[in-house]
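Since the model is a prediction, treat every value here as computed from it, not as a measurement. In listed order, ligands and their atoms are each counted from 1.
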Amino acid sequence: MNQNFDVLIIGAGLSGIGAACHLAMECPGKRVAILERRNAIGGTWDLFRYPGIRSDSDMFSFGFKFRPWNELKVLADGPSIRQYVSDTARQYGIDKQIQFGLKTIAADWSSEQQCWTVTALHEASGETRTYRANFLIGATGYYNYDQGFLPHFPGEERFKGLRIHPQHWPENLDYRGKRVVVIGSGATAVTLVPAMADAAAHVTMLQRSPSYIFSVPGFDKISAVLRHVLPEKWVYGMARKRNIVIQRWLYLAARRWPERVRKILLAGVRKQLDDKSNMRHFTPSYMPWDERLCAVPDADLFKAINSGKASVVTDHIESFTETGIQLKSGQTLEADIIITATGLQIQVLGGTELRVDQQPRPVSAAMTYKGVLMQDIPNMAWIVGYTNAPWTLKADIASHYICRLLNHMDAKGLAVATPHTSERSLENETIFGSLGSGYVRRASHLLPRQGRDLPWRVLHHYERDTEMLMNQPIDDGVLEFTPARTVSPKDAVALAA
Ligand SMILES: Cc1cc2nc3c(=O)[nH]c(=O)nc-3n(C[C@H](O)[C@H](O)[C@H](O)COP(=O)(O)OP(=O)(O)OC[C@H]3O[C@@H](n4cnc5c(N)ncnc54)[C@H](O)[C@@H]3O)c2cc1C
């Protein structure tokens with residue numbers, strides 16, 4: 001098998017498949033391969049299997065721009081998203097470029113040979129394989145697939161029931177008639193509670209502190225009507241534009257008028273809750289978008305609480321007991337199943353070690369250039385989507401930028417692009433900026449940094465990023481280019497091997 005490629009992508013989730021589709025459309029001559037650790041396409045949407053798993057972004061803007069989502073359900077379930085990513089790969093012939101079961105462990109850049117040598121472990125056999133490529137794209141997502149975040153709870157070994165982390169959901173778990181406690185208050189917890197409430201005896205969401213939760217319509221009625229009078233392509237395109245604008249405004253308004261937006265969000269919850277005393281569980285101490293907001297479709301969480309099948313407790317854990325959880329307030333929660341929806345553990349580039357000319361280059365010491373390339377690391381991109389808007393909006397334009405860069409280099413006979421600056425990064429700011437979510441705070445020492453100004457500043461702003469990545473000139477004086485080296489006959493033999 002020929003293991004030399006022009007572009008090597010690590011990861012076959014939304015970002016990796018999207019990048020490969022862009023390359024197929026915009027750089028059709030490139031030899032591209034994807035190395036994927038799992039045995040299936042889909043990344044997040046293949047890994048997570050808990051009841052109710054779904055997006056909390058609307059699918060019109062979470063879907064690829066080049067292959068619009070064409071269903072009317074606003075938040076889609078995990079299996080539908082997985083199917084959508086797989087179908088996209090098949091439609092663009094990307095499925096044939098993927099090599100499965102390979103965990104990338106190291107990537108070594110050689111300035112002399114102007115290429116990456118990537119080492120991957122075939123986990124089933126324990127064999128290592130090497131690949132060479134001129135350009136490397138990390139599409140590994142942002143968290144550790146092996147382990148979610150699991151804090152230590154005092155006495156946890158005493159609990160006689162079942163303990164589950166949503167990242168490793170047991171197949172065919174029967175929770176009918178069981179008392180379930182879900183620890184957490186993020187997107188996963190608010191999805192699990194209504195999804196399990198009908199069948200379980202009771203579901204309690206145990207949180208240390210409240211989050212902002214808002215209800216969105218589960219079904220796009222406007223598009224449903226428009227579909228009768230307009231071509232489908234227009235209808236979904238319009239839904240996408242509308243949702244991008246609404247989300248952007250909600251975010252900007254929250255940053256500009258935090259108190260007002262807070263009032264609106266809390267009023268929305270109050271309207272949904274029958275027992276208004278429950279408002280104390282939905283009134284956060286921070287301002288909207290200091291941490292991620294959670295959307296729930298058709299107020300399903302609030303309906304489960306109103307029905308009495310679910311409840312929320314805001315308290316701290318004193319210890320686990322044999323039969324449940326003892327809280328600091330003195331209250332006890334009896335449980336057959338405890339679900340620790342305590343979040344993700346951030347991991348950069350899926351744990352791949354980067355070296356440039358044999359020198360380790362941790363990305364935590366680098367700034368990102370235009371939020372896509374890495375300072376002083378040649379021919380490498382890491383695709384990281386938005387955290388304040390649907391991930392794919394950024395992943396799509398980042399992939400388009402990579403294609404523009406590659407085409408520019410080909411047209412000018414250039415082999416290497418390295419973003420370079422002598423400016424220092426802002427010590428306290430990672431690429432996730434001011435987002436204060438727990439998983440970001442815990443990992444601030446692992447993440448790439450950002451600078452004060454463009455192109456080292458990460459904007460988290462779709463319109464401005466679109467202009468920067470889609471339209472601004474590639475050659476901006478910051479990216480340093482190196483022409484293709486003349487290959488000696490000896491190297492030519494080595495490269496062909
Ligand atoms: C439960 C959950 C719900 C989410 N919901 C939303 C949402 O509604 N909206 C939103 O915008 N975002 C959401 N996100 C964030 C989500 O991860 C992204 O939206 C998106 O799916 C990321 O796609 P990706 O391809 O970049 O990464 P991933 O989906 O994480 O895929 C990365 C791929 O890379 C592979 N990989 C990783 N390391 C290696 C390695 N070393 N070697 C080989 N392969 C490797 C993985 O196996 C995986 O297939 C959610 C995240 C979670 C966990």
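Remark: His168 engages no residue in a side-chain hydrogen bond (donor to acceptor under 3.5 Å, both in side chains) (not counting sequence neighbours).
Distance from atom 42 (N) of ligand 1 to its nearest protein heavy atom, with residue and atom name: Thr104 N, 2.9 Å. Annotation: atom 44 (N) of ligand 1 to nearest protein heavy atom, Arg37 N, 3.1 Å. With hydrogens left out, the protein atom closest to atom 39 (C) of ligand 1 is Thr140 CG2, 4.0 Å, a heavy atom. Looking from atom 17 (O) of ligand 1 to the surrounding protein, the closest heavy atom is Thr44 OG1, 3.0 Å. Looking at atom 11 (O) of ligand 1, its nearest protein heavy atom turns out to be Trp391 N, 2.8 Å. In terms of protein heavy atoms, atom 7 (C) of ligand 1 is closest to Asp56 OD1, 3.3 Å.
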Please test Ile222 against Arg242 for side-chain contact (heavy atoms from CB on, under 4.5 Å), starting from the C-alpha separation and ending with a verdict. CA-CA 11 Å; Ile222 301 174; Arg242 177 198 65 206; 3.8 Å; yes
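Here's the thing with Tyr50: none of its N/O atoms is less than 3.5 angstrom from an N/O atom of ligand 1. Residue-to-ligand polar distances keep Arg54 apart from ligand 1: every N/O pair is separated by 3.5 Å or more. On a distance-only criterion, Arg38 and ligand 1 share no N/O pair closer than 3.5 Å. Taking any N or O of Ser57, backbone or side chain, at least one lies under 3.5 Å from an N or O belonging to ligand 1. Taking distance alone, with nitrogen or oxygen atoms compared against 3.5 Å, Gly350 approaches ligand 1 more closely than that limit. Geometrically, ligand 1 and Lys103 share no nitrogen or oxygen pair separated by less than 3.5 Å. The distance criterion of under 3.5 Å between nitrogen or oxygen atoms is met by Leu14 with respect to ligand 1.
Checked by atom type, the side-chain pair Tyr236/Arg227 shows a donor-acceptor distance below 3.5 Å.
No heavy atom of Val384 sits closer than 4.0 Å to any atom of ligand 1. Residue Ala187 places no heavy atom under 4.0 Å from ligand 1. Within the 4.0 Å heavy-atom shell around ligand 1 one finds Pro390.
For Arg54 and Asp77, the salt-bridge test fails: no basic side-chain N is under 4.0 Å from an acidic carboxylate O.
Nearest residue to atom 27 (O) of ligand 1 from Gly141, Ala12, Ala395 is Gly141 (criterion: closest heavy atom). Looking at Trp45, Tyr386, Tyr145, Trp382 and measuring to atom 28 (P) of ligand 1, the nearest heavy atom belongs to Tyr145. Nearest to atom 26 (O) of ligand 1 by heavy atom, out of Gly101, Gly11, Ser15, Ala106, is Ser15. Nearest residue to atom 46 (C) of ligand 1 from Gln99, Gln347, Glu36, Arg82 is Glu36 (criterion: closest heavy atom).
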Distance-only donor-acceptor hits, side chain of residues 294-304, under 3.5 Å, sequence neighbours excluded:
unit_1, atom_1, unit_2, atom_2, d
Asp298, OD1, Gly218, N, 2.9
Asp298, OD2, Gly218, N, 3.4
Lys303, NZ, Asp298, O, 2.9

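For ligand 1, the atoms closer than 4.0 angstrom to any heavy atom of Ser55 are 8 (O). Counting the atoms of ligand 1 from 1 in the order shown, those under 4.0 Å from a heavy atom of Gly43 are 29 (O), 31 (O), 48 (C), 49 (O). Interface of Leu35 with ligand 1, defined as ligand atoms under 4.0 Å from a residue heavy atom, comprises 43 (C), 44 (N).
Taking OG of Ser15 as the start and NZ of Lys394 as the end, the distance is 10.5 Å to the nearest 0.5 Å.
Among the candidates Phe60, Phe62, Tyr462, the single residue satisfying the side chain to side chain contact (heavy atoms under 4.5 Å, CB included) test with Pro390 is Phe62.
A cation-pi contact, defined as under 6.0 Å to the ring centre and within 45° of the axis, is absent between Arg132 and Phe5.
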